[in-house]
Structures are given as structure tokens and as C-alpha cells.
Visitor: 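Pasting a structure here, questions to come.
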Amino acid sequence: MKLGPVMLDVVGTELAQDDIRRIQHPLTGGVILFARNYKNRSQLVELTKAIHDLRPGILIAVDHEGGRVQRFRTDGFTRLPAMRRLGELWDTDVLGATKAATAVGFVLAAELRACGVDLAFTPVLDLDYGESGVIGDRAFHRDARVVAMLAKSLNHGLALAGMANCGKHFPGHGFVKADSHIDIPVDERSLNAILSEDAAPYDWLGLGLSAVMPAHVIYPMVDKHPAGFSKKWLSILRQDMGFEGVIFSDDLSMEGASVAGDVIDGANAALSAGCDMVLICNSPDKADQLLAGLKIQANAKTRESAARIAALVPQTPALAWNALQEDPRYLVAKRVVQELSST
């Protein structure tokens, strides 16, 4: 079955008939998991296996950054530090911070892959201006150069465990106070100001970025549309920065997406602007509306998007959980992460 450009969620800890119906829909190409989908590791493994068996090749993802954004925290999962902790370490020990970032990425990815999860929406590349409550300690640092280097190290750790990465939220969500989950943030700065600081890590990371998620933020000096619905912003990413990976829309059910209209209007706007895959979360009714109303024509563009998405699926076998607990690299990395989290 060909996979489509929609990533949606499931309701509980096992698949209900409505979940199965949505996952089998031709437009579905991914599933995003949340804390409500997790009871323990064995249940998570059963859930991801059921999803993969239902749609072979489907991409299973989760927001699993560390700190307050870590969906699975119990039954053996390592508590990951907030990314700001790595930035604080950088200020005293640059090489120690890069080593720790690689360890965090490796532990994060190895544990998720052992449970059948293919992708974590990480790293956050937003700058820590000290203004945004929703970003806050999810950001590595105020300095874009430090953000780029720590993200590069974290991405290296993800890759060592066979996982791709997703930088977010392009071109930057750290400057605005408003939370795009419940508001429509507006960043009044000029294009040059944003490109020289907030967007710079995306350019510097180059081929090291597998995927990018734009911000539900409006930058009126550049375009009237939020970045994820903006052809101008996504062409800057694709053409000026040469980005060849997957572009995910942020969640279409968030308030920041409401300016695009209903969920079908939002999906069409995001895909037309240059997104490869759109997310619809925490709203089964809207997911049904999207699957019923979104019309996709097979052409070169949709085939390119499908190929990009397929490339995010891990290409190497993952260690099972028990084998992972005896893996020397994992044990060393886990010690580094635990030391970092405890200080």
C-alpha cells in the first residue's frame, strides 16, 4: 500500500477499530504517539508492532526531546535532561557538552527504536531568548552557533542508533512569547534579522538535517502566512539553504494553524507551500474530516515527498530492549546522560 502525506494519532494504548480504519486509509503515512498511548514498555512494543503490521513502512514518530517534553518516562526509559542543560555545560566545557549531546541522542534513539518507534521530533533549534514559555528550556542556548553545534552532536547520537532527526521550529519560535498551541504568535522582525540568527542553524547543519518542522508563527515583514503555510519561507529553506529532507507541518489542530481555515484548507495550504507531510493530532473528528476531504493527485511532487518520507524510516535493525541493556555503547552513553541529569 502506498503511504500518504498525513500523520495522525491514535486514541489509547491499543488500536481501536476507528484507529485501524484511519491507519489503513490511503492518505495516512505516519502515526504520532503521545503519553496517553503509553502504559509500559511491553504495551508500547505491542502497539507499534500492531501499527507496523497494519501498514508496513509507515513512520511512527513521537515528541521525545528530553526535559518536560518526553512522552515515555517509566519502566526503564532514561530520564533525559532538558536541552538547556547541554547549553549550560557548553559554557563551562565545550567538548564535554558535545560528548554529552551525542550520548543523549544515542540513548534517546536506541530506547525508542527498541520499542518500535522510528523517529523523534528533535532537536529544537529555537534560540533561548528567555521570552518564550512554550520553548523555554527546550532550547539549547541563546547563541545560534552553540545551538548548531550541540544539535549536530545530538543528531550524531541519533544516527549512531539508526534514527533520523527533525529540526524545529523553522525559522525560529524562541523570540515570541505567545504559544502557538493556543495563540497565533507574531514576530515583527525583519527577514535579515531572522536569517542572521534564528534560521542560521538550519543553514549551518545542512545535510545533517533529515527533516524540518516549521513554526506556526507569522513573520509579517516576510509573509502574511505562518511559516508552515508560506511558500516564501519554505522556498528559502529548500532553495536558498538547499534543504533536501522532509518538511512536516506542525499540528493542524493548533490555534496557530487556524489562520489557514479548516483542517482541509490548512492541509492544502501546507502541502501547496512545500510541506511533504501534515500532522493532525488530538482531534479524531478533524482527522476523519481531513482523510475524507483531502484530495491528492499523483505527480512528480507527491512522488518526491513520498520518497523523502520513506527515507526517514530506519534502515538498520534495532536492538531489542534486553539486548540493549547489555550493549557497551548504550551503557556508556546512559551513564553520561544520568550524570548530566543528576547535576
Side-chain angles (χ1 to χ4, degrees), residues 3-13 15 19 22-23 25 27-38 41 44-45 47-66 69-73 77 80 105 107-125 138 151 154-155 157-159 161-170 181 209-214 216 228 245-254 267 270 275-283 287 290 305-316 318:
L3 298 172
V6 176
M7 177 175 280
L8 43 74
D9 55 2
V10 296
V11 173
T13 55
L15 296 182
D19 296 317
R22 292 183 195 107
I23 292 169
H25 194 284
L27 288 178
T28 302
V31 173
I32 181 170
L33 300 179
F34 291 91
R36 68 170 183 273
N37 304 124
Y38 179 75
R41 279 190 293 105
L44 178 61
V45 170
L47 177 60
T48 57
K49 183 178 186 304
I51 295 168
H52 279 135
D53 287 348
L54 206 56
R55 290 297 296 275
I58 199 169
L59 184 71
I60 300 179
V62 64
D63 282 321
H64 202 81
E65 305 163 6
V69 183
Q70 180 176 345
R71 303 306 186 204
F72 316 138
R73 296 169 175 264
F77 273 96
L80 304 170
V107 169
L108 184 163
E111 291 181 351
L112 288 179
R113 290 206 59 209
C115 296
V117 178
D118 302 314
L119 177 71
F121 286 119
T122 188
V124 170
L125 300 181
R138 296 166 65 191
L154 186 128
N155 289 349
L158 297 175
M163 183 177 281
N165 61 71
C166 180
K168 60 186 187 184
H169 306 81
F170 177 82
H181 292 84
L209 277 181
S210 314
V212 165
M213 181 178 287
H216 281 332
V246 174
I247 301 178
F248 289 96
S249 83
D250 208 341
D251 178 13
L252 294 177
S253 69
M254 288 164 55
C275 288
D276 298 292
M277 179 168 262
V278 295
L279 271 68
I280 180 69
C281 311
N282 305 310
S283 186
L290 181 59
S305 288
R308 287 190 189 108
I309 294 163
L312 293 181
V313 176
Q315 303 300 307
T316 56

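Just so it is clear, the values below take in all heavy atoms, side chains as well, and ignore hydrogens, waters and symmetry mates.
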Visitor: Can you check whether His216's main-chain N or O pairs, donor with acceptor, with Asp250's side chain at less than 3.5 Å?
Guide: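 Not a single qualifying donor-acceptor pair exists.
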Visitor: Distance-only, no hydrogens or angles: does the Asp118 side chain make a donor-acceptor pair with backbone N or O of Ile60 under 3.5 Å?
Guide: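 It does hold such a pair.
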Visitor: Could you tell me the separation between the CZ atom of Phe170 and the CD1 atom of Ile247, rounded to the nearest 0.5 Å?
Guide: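 Between atom CZ of Phe170 and atom CD1 of Ile247 there are 8.0 Å.
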Visitor: Output, in order, the C-alpha distance, side-chain angles, deciding distance and verdict of side-chain contact (heavy atoms from CB on, under 4.5 Å) for Thr13 and Leu47.
Guide: CA-CA 7 Å; Thr13 55; Leu47 177 60; 5.8 Å; no
Visitor: Donor-acceptor check, side chain of Arg71 to backbone of Arg36, threshold 3.5 angstrom: yes or no?
Guide: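 No.
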Visitor: Is the backbone of Val313 close enough, under 3.5 Å, to the side chain of Gln315 for a donor and an acceptor to pair up by distance?
Guide: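 Checked: pair present.
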Visitor: What's the spacing between Leu312 CG and Asn165 CG if we round to 0.5 Å?
Guide: 8.5 Å
Visitor: Should Asp63 and Arg138 count as an ion pair when the cut-off is N to O under 4.0 Å?
Guide: no
Visitor: Give a yes or no answer on whether the side chain of Asn37 reaches the backbone of Val10 with a donor-acceptor pair at less than 3.5 Å.
Guide: yes
Visitor: I'd like to know if the side chain of Thr48 and the backbone of Val117 have a donor-acceptor N/O pair within less than 3.5 Å.
Guide: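 Checking the backbone N and O of Val117 against the side chain of Thr48, no donor-acceptor pair under 3.5 Å is found.
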Visitor: Using every non-hydrogen atom in the two residues, find where Arg55 and His25 come nearest and quote the distance to one decimal.
Guide: NH1-O, 2.8 Å
Visitor: Examine distances only and state if a side-chain atom of Ser253 and a backbone atom of Ile280 form a donor-acceptor pair shorter than 3.5 Å.
Guide: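 No: the side chain of Ser253 does not pair with the backbone of Ile280.
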Visitor: How close do Ala50 and Leu15 get, heavy atom to heavy atom, and via which atoms?
Guide: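 Distance-wise, the nearest heavy atoms are CB-CD1, 3.9 Å.
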Visitor: Taking all non-hydrogen atoms of both residues, which atom of Phe248 and which atom of Ala211 are closest, and how far apart?
Guide: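 It is CE1-CB, 3.7 Å.
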Visitor: Mind telling me whether Phe77 and Phe72 have parallel, tilted or perpendicular rings, with 30° and 60° as the class edges?
Guide: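 Phe72 and Phe77: tilted rings.
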Visitor: Looking at every non-hydrogen atom in both residues, tell me the closest pair between Ala109 and Leu158 and how far apart they are.
Guide: CB-CD2, 3.8 Å
Visitor: Please tell me if the side chains of Val278 and Pro5 come closer than 4.5 Å, counting only heavy atoms from C-beta onward.
Guide: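 A side-chain contact under 4.5 Å is absent here.
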Visitor: Measure the spacing between CG of Leu119 and OG of Ser210 and express it to the nearest 0.5 Å.
Guide: 8.0 Å
Visitor: Hey, does the side chain of Arg22 reach the backbone of Leu8 with a donor-acceptor pair shorter than 3.5 angstrom?
Guide: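 No; zero donor-acceptor contacts below 3.5 Å.
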Visitor: Where do Leu80 and Gly66 come nearest, in terms of heavy atoms and distance?
Guide: CB-CA, 3.6 Å
Visitor: Do the side chain of Asp9 and the main chain of Ile32 share a donor and acceptor less than 3.5 angstrom apart?
Guide: no
Visitor: Quick one: does Arg41's side chain have a donor or acceptor within less than 3.5 Å of a partner on Ala114's backbone?
Guide: no
Visitor: Show the numbers, then the answer: is there a side-chain contact (heavy atoms from CB on, under 4.5 Å) between Phe121 and Leu279?
Guide: CA-CA 12 Å; Phe121 286 119; Leu279 271 68; 4.2 Å; yes
Visitor: Roughly how far, to the nearest 0.5 Å, is the NE2 atom of His64 from the CE atom of Met163?
Guide: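 Going from the CE atom of Met163 to the NE2 atom of His64 covers 8.5 Å.
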Visitor: Of all the heavy-atom pairs spanning Leu108 and Ala120, show the shortest one and how long it is.
Guide: CD2-CB, 3.6 Å
